[in-house]
Amino acid sequence: MALPFVPEAEIVRLGAEAERCNGMLQEGTGAGADFLGWVSLPSSIDGAMLERVDEVARRLRQLASVVVVIGIGGSYLGARAVQEALGDPFAGLGGAQGTQVVYAGQNLSPDYLSSLLRAVSDRSLALIVVSKSGTTTEPAVAFRILREEIVRRYGVRGARERIVAVTDRARGALKKMADEQGYDTFVIPDDVGGRYSVLTPVGLLPLAVAGVDVAALVEGAQAAERAMGAEVPFAGNPALQYAAVRNALYRKGYKVELFGSYEPALRDVGEWWKQLYGESEGKQGRGIFPASVTFTTDLHSMGQYIQEGERMLFETIVSIEAPHTDVTVQAEADDADGLNFLAGRRLSEVNRTAENGVALAHCDGGVPNLRVTLPRVDAYEIGWLLYFFERACGVSGYLLGVNPFDQPGVEAYKKNMFALLGKPGYEAEGERLHERLRDMGRE
Ligand code: PA5
């Protein structure tokens, strides 16, 4: 339901542009061409790589009841999104069997890390540390602390079989340390940036440990790669259609995009999507601001704003055709809660009706809504969805006129943090920043 908001001719015009941009992705003729390894990544994944992932994952599962995945940004969001989408939200209540995968190094909170250390104090432990650069502060700090815990418990030799590093082929402190200590390593290809890396061992190894069918995930992504290549024209290419429509809306003043779903399992796919689009497009004073909601939950918190607040929003809803299981509403003799009008109806029907009702209401309220439909939530479909969003993001960034594969803005906070913490080489800048903080009364 975008057509009432943008003229069809504009979408057709941007569709032709999108075809050209998709060609640039395939040919490597656009900005950031050194980082296009993800474009043909699914079709280049071979059996040997999947076997090695499986072999190491099996070893970690045998050794540990908890595997901590250490990483931040593109080095953890993809794995967590897929794990959450395919996992059982209440597994913990049933006294989860098997190895649990949890995350660290995605913040600097002492409370978070202390809780984690407490929670795993009587559990067998292994680590997967993921950092392409090998120098990112948050995961490096968490790795130092958790590595010490592993060495304390299992000794240097025991640590060797319980720690796996996923990092750059040659550079960075993590690669050096992994080689020196004899940790198993997986390589993040040079030409795949963090936020496009979920289908490398960055995502595949933690997911294999979590019990996800990574072969099916890759197959889904391979199908998407075939369906969205440069040879597939706009009319049959969902990535181009999405990229063109969102850019048409942006040019009409719709500057905020809400990713949403009526399945709470997809909440972390929204987190992954926000990084993908935010970091790829938000530069040079441009870019759609990516936000996310889970419906119907957030209709009771964000619904008012979406319906009647400033008109700058559009929505992209990932719509699931069939749940894995269903629940039927029973009739009650006294109908005390007045719900007998739903008796005998399935919850999936009620959820679908909510989705349709909301789409119409939001459309009437001036919120264009786009819909991406998946038949169900399984590894294959999620693999398809991840590649779809990646491909559309590359095309969309080019339509916007930015390089979707760099992230120069991320450095600003790092520089300040290093200067304020006294990292060697940042002394003069540190003095300047401390003075500013004193002036502000913060120090
Ligand atoms: O997408 C990106 O490039 C970033 O989000 C990085 O993944 C993130 O900053 C972590 O970097 P690294 O993997 O080098 O530790």
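Atoms within a ligand are numbered from 1 in the order they appear, just like the ligands themselves. Please read all numbers here as calculations on a predicted model, not as lab measurements.
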Legend entry - Distance-only donor-acceptor check, side chains Asn22 and Arg391, under 3.5 Å: yes
Legend entry - Pair Gln407-Arg195, side-chain donor/acceptor within less than 3.5 Å: yes
Inset, instruction - Over 60° means perpendicular and under 30° means parallel, so classify the ring planes of Tyr103 and Tyr76, tilted if in between. - result: tilted
Legend entry - Check ion pair Arg246-Glu257 (N to O, under 4.0 angstrom):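 So Arg246 pairs with Glu257 through a salt bridge.
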Inset, instruction - Report all protein residues having a heavy-atom distance below 4.0 Å to some atom of ligand 1; order the list by chain, then number. - result: Ile72, Gly73, Gly74, Ser75, Ser131, Lys132, Ser133, Thr136, Gly194, Arg195, Gln275, Glu279, Gln407
Legend entry - Distance (rounded to the nearest 0.5 Å) between Gln307 CD and Met302 CE: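 Spacing of CD (Gln307) from CE (Met302) equals 13.0 Å.
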Inset, instruction - Go through the structure and list residues passing side-chain contact (heavy atoms from CB on, under 4.5 Å) with Ala81, not counting sequence neighbours. - result: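 Result, side-chain contact (heavy atoms from CB on, under 4.5 Å) vs Ala81: Asp268, Val269, Trp272.
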